[in-house]
Student: 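Before I ask anything, let me first share the structure, which is written out below as structure tokens.
Heads up: numbering here begins at 1 and tracks the sequence. From a predicted model like this one, the values you see are computed outputs, not experimental measurements.
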Amino acid sequence: MNPTHRIISTLLLCAPLLAIASDQQVRDLMFSDAVAARDAAKAADAATYAPRTFERGSDALAAAERDFGQDRPLERIKRALAEAAQTYRDAQKIARSARAELASLVKLRQAARGVDAGLHDEKNWQLGERKFREAINEFERGDKQASLRRAAEAEELYRRAELAGIKAAYLNDARRLLNQAEEARAERYAPATFKLAQELLATAEKELTDNRYDTDRPRDLARQAQYEARHALFLANEVKESRKEGVESFILAGELPLQQIAGLADLTVSFDEGYQPATRSILEYIRELQQQQRTNEQELYDRARQIAALEAQLDSLETRLGGISEQRQALEVELERQAKERAQFARIENMFNEDDADVLRDGSDIIIRMVGTSFPVGKATIEPHAYGLLTTLMEAIRVFPDAMVTIEGHTDAYGGDAINMKLSQERADAVRAYLRANMNIADAQIAAVGYGETRPIANNETKEGRARNRRIDIVLHTKARSGS
């Protein structure tokens, strides 16, 4: 009789239901206890914390696998499986005990691994791993005192490696940037900034050494060191470039950003006394804007409170009258109309980016300021590059199909008054003609008027201000048709 059949026949004496079982089913049944014990040992990381015991269990299980495959006697297989299951359970118990007794070592090893300590301090990491294995082996043999001594030695090595990993994580970018700055000779061309970056890096490193787990301040210092290193690198390159082009070019280049900011703020600034007067003017302008913002926020808050109080009064009045009054109905209709207009305004606003047009409200009028539509100097010819923007303008006008449309032409203050008035009218007429030719709008619904230089919106003494004054404004009179 085949040996496998002998095994099955023997099992049938104890379990008749296995009469129809396959060899694989028999194997699974026989090995289930040992396999479950092995999986539980793996879950406890016994291969790490009870390696010799876990290995003996694996050897016993492997022997049972070989005997089963070679149709060895059932009793022999059962003994090997029982040994494997018990040994795995022993390994699980030892591993749990080791993790508890050597908890500080386990935690420190995990922390060092978490910062890739082995990459940044390979020597101490490898020595720590060797001491770790010795501590585990001593614990497994039952010599806890020797195990604790080895664990203490391993912890010190892991601490050193972990510190290297932490420093690398927080300081390496700053070190790399400082090396680049040094190669650019920042120590010579930007000595104060380069020195500051070095000091910040040194302080961050000291903070990490003193208390590696309080990383908030070292992280912030490292970021500052990175910034100052980049700053030193930039300054070194700029100073070297200025030596080629001359100090005057370097100073003029420094004036340009302030001049651009002042132009955007519609301020007239000069640099005949250095940067400070311009800086003061810009700062004062910003402070005024901030104060105005605070005032506006307070006014909005006050109005919100007033509205809430009025709504409460209306609710009270409604209760006393026993229903919705005609005044309340009229108010609700007006609120609905305003909400619709706000949505339409937002729709138009979203059609344009800041380089194409500014969209403003003036009561019930909507002003589309076409900053992206420019004309050749002294001419009223619409150039092809403006066609796309004018197409968007037509879509915006269609949002209020019943609105009256006024096209306003404006110029800067350069040139004679009469010439500017004529030129602004011609430009407004050109835009009106383009719209009439390309969209379905009645002749009586769209008007064009030139204002010349009489309605500036910015300072004509600056280049940026003059550019803003040379404009076409499209005004949508949203209430004009209703006679409101």
Student: Kindly check if the number of other-residue, nucleotide or ligand heavy atoms within 6.0 Å of CZ (R243) is above 12?
Tutor: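 Atom CZ in R243 is not packed in, count stays at 12 or less.
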Student: Does either side chain, that of Q292 or that of N296, offer a donor lying less than 3.5 Å from an acceptor on the other one?
Tutor: yes
Student: Could you tell me whether the side chain of E238 reaches within less than 4.5 Å of the side chain of Y189, counting heavy atoms only?
Tutor: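 Not in contact.
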Student: Between R466 and N469, does the side chain to side chain donor-acceptor pair (under 3.5 Å) criterion hold? Intermediate values first, please.
Tutor: CA-CA 5 Å; R466 290 191 297 274; N469 287 332; over 6 Å; no
Student: Begin with the C-alpha distance, continue with both residues' side-chain angles, and end with the deciding distance and a verdict on side chain to side chain donor-acceptor pair (under 3.5 Å) for N211 and E207.
Tutor: CA-CA 6 Å; N211 190 354; E207 290 280 343; over 6 Å; no
Student: Assess whether side chain to side chain donor-acceptor pair (under 3.5 Å) is satisfied between Y49 and E140, documenting all intermediate values.
Tutor: CA-CA 8 Å; Y49 296 100; E140 197 172 11; over 6 Å; no
Student: Is Y88 reaching over with its side chain to a backbone N or O of S58, donor-acceptor style, under 3.5 angstrom?
Tutor: yes
Student: So do the side chains of R52 and R141 get within less than 4.5 Å of each other, counting heavy atoms only?
Tutor: yes
Student: What do you reckon, is NZ of K195 surrounded by more than 12 foreign heavy atoms closer than 6.0 Å?
Tutor: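 No.
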Student: So which pairs with a foot in residues 343-353 pass side-chain hydrogen bond (donor to acceptor under 3.5 Å, both in side chains), sequence neighbours left out?
Tutor: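 Matches after skipping sequence neighbours: N353-D356.
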Student: Does S147 reach the side chain of I136, with side-chain heavy atoms less than 4.5 Å apart?
Tutor: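 Not in contact.
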Student: Do L157 and R130 have side-chain heavy atoms sitting under 4.5 Å apart?
Tutor: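 SC-SC contact between L157 and R130 ruled out.
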Student: Hey, does E341 have a side-chain heavy atom less than 4.5 Å from the side chain of I366?
Tutor: no
Student: Could you tell me whether R89 and D33 have a side-chain N and a carboxylate O separated by less than 4.0 Å?
Tutor: yes
Student: Assess whether a salt bridge exists between D67 and R72, defined as any Lys/Arg side-chain N lying under 4.0 Å from an Asp/Glu carboxylate O.
Tutor: yes
Student: Taking the six-membered ring of F132 as reference, does the cationic atom of R150 (NZ for Lys, CZ for Arg) lie under 6.0 Å from its centre and within 45° of its axis?
Tutor: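 Verdict for F132: no cation-pi partner in R150.
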Student: Considering only NZ, NE, NH1 and NH2 on the basic side and carboxylate oxygens on the acidic side, decide whether E156 and R160 come within less than 4.0 Å.
Tutor: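 Looking at R160 together with E156, the answer is yes, because their closest N to O distance falls below 4.0 Å.
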Student: For the residue pair N459 and T268, confirm or rule out a side-chain donor-acceptor distance under 3.5 Å.
Tutor: yes
Student: Any donor and acceptor pair, going by atom type alone, linking the side chain of D143 with main-chain N or O of A146 inside 3.5 Å?
Tutor: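 It does hold such a pair.
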Student: Over 60° means perpendicular and under 30° means parallel, so tell me whether Y158 and W125 are parallel, tilted or perpendicular.
Tutor: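 The rings of Y158 and W125 sit tilted, inter-plane angle from 30° to 60°.
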Student: Do D90 and Q86 have a side chain donor and acceptor closer than 3.5 Å?
Tutor: yes
Student: Mark yes or no: R27 above the aromatic ring of F31, with NZ or CZ under 6.0 Å from the six-membered ring centre and no more than 45 degrees from the axis.
Tutor: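 Yes, cation above the ring, under 6.0 Å and within 45°.
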Student: Kindly determine whether D220 and Q224 satisfy side chain to side chain donor-acceptor pair (under 3.5 Å), including the steps that lead there.
Tutor: CA-CA 6 Å; D220 186 54; Q224 293 180 48; 2.9 Å; yes
Student: Keeping S97 on the side-chain end and I94 on the backbone end, is there a donor-acceptor pair under 3.5 Å?
Tutor: no
Student: Between R76 and R79, is any pair of side-chain heavy atoms under 4.5 Å apart?
Tutor: yes
Student: Run the salt-bridge test on E75 and K78 with the 4.0 Å N-O cut-off and return the result as yes or no.
Tutor: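 So E75 pairs with K78 through a salt bridge.
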Student: Is there a side-chain contact between I474 and L476, using heavy atoms and a 4.5 Å cut-off?
Tutor: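 Yes, their side chains come closer than 4.5 Å.
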Student: Verify, without hydrogens or angle tests, whether D121 (side chain) and A164 (backbone) share a donor-acceptor contact under 3.5 angstrom.
Tutor: no
Student: When rounded to the nearest 0.5 angstrom, what is the spacing between CG in L389 and CE in M394?
Tutor: 10.0 Å
Student: With heavy-atom distances below 4.5 Å as the criterion, would you say the side chains of L74 and M30 are in contact?
Tutor: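 Of all side-chain heavy-atom pairs linking M30 with L74, at least one is under 4.5 Å.
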Student: Please determine if R398 and E395 form a salt bridge, counting it only when a charged side-chain N lies under 4.0 Å from a carboxylate O.
Tutor: yes
Student: For R159 and E155: C-alpha separation, side-chain torsions, deciding distance, then whether salt bridge (charged side-chain N to carboxylate O under 4.0 Å, His left out) applies.
Tutor: CA-CA 6 Å; R159 283 193 187 92; E155 286 182 22; 3.5 Å; yes
Student: Determine the interplanar angle of the Y227 and H231 rings, folded into 0 to 90°, and report it as parallel if under 30°, tilted if 30 to 60°, perpendicular if over 60°.
Tutor: tilted
Student: Verify salt bridge (charged side-chain N to carboxylate O under 4.0 Å, His left out) between E182 and R175, making sure each step is shown before the conclusion.
Tutor: CA-CA 10 Å; E182 188 172 10; R175 288 169 177 156; over 6 Å; no
Student: Looking at E162 and K167, is any side-chain nitrogen of the basic one under 4.0 Å from a carboxylate oxygen of the acidic one?
Tutor: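 Salt bridge absent between K167 and E162.
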Student: Listed by chain and number, what are the salt bridge (Lys or Arg N to Asp or Glu O under 4.0 Å) partners of K206, not counting sequence neighbours?
Tutor: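 Per chain and number, K206 pairs via salt bridge (Lys or Arg N to Asp or Glu O under 4.0 Å) with D210.
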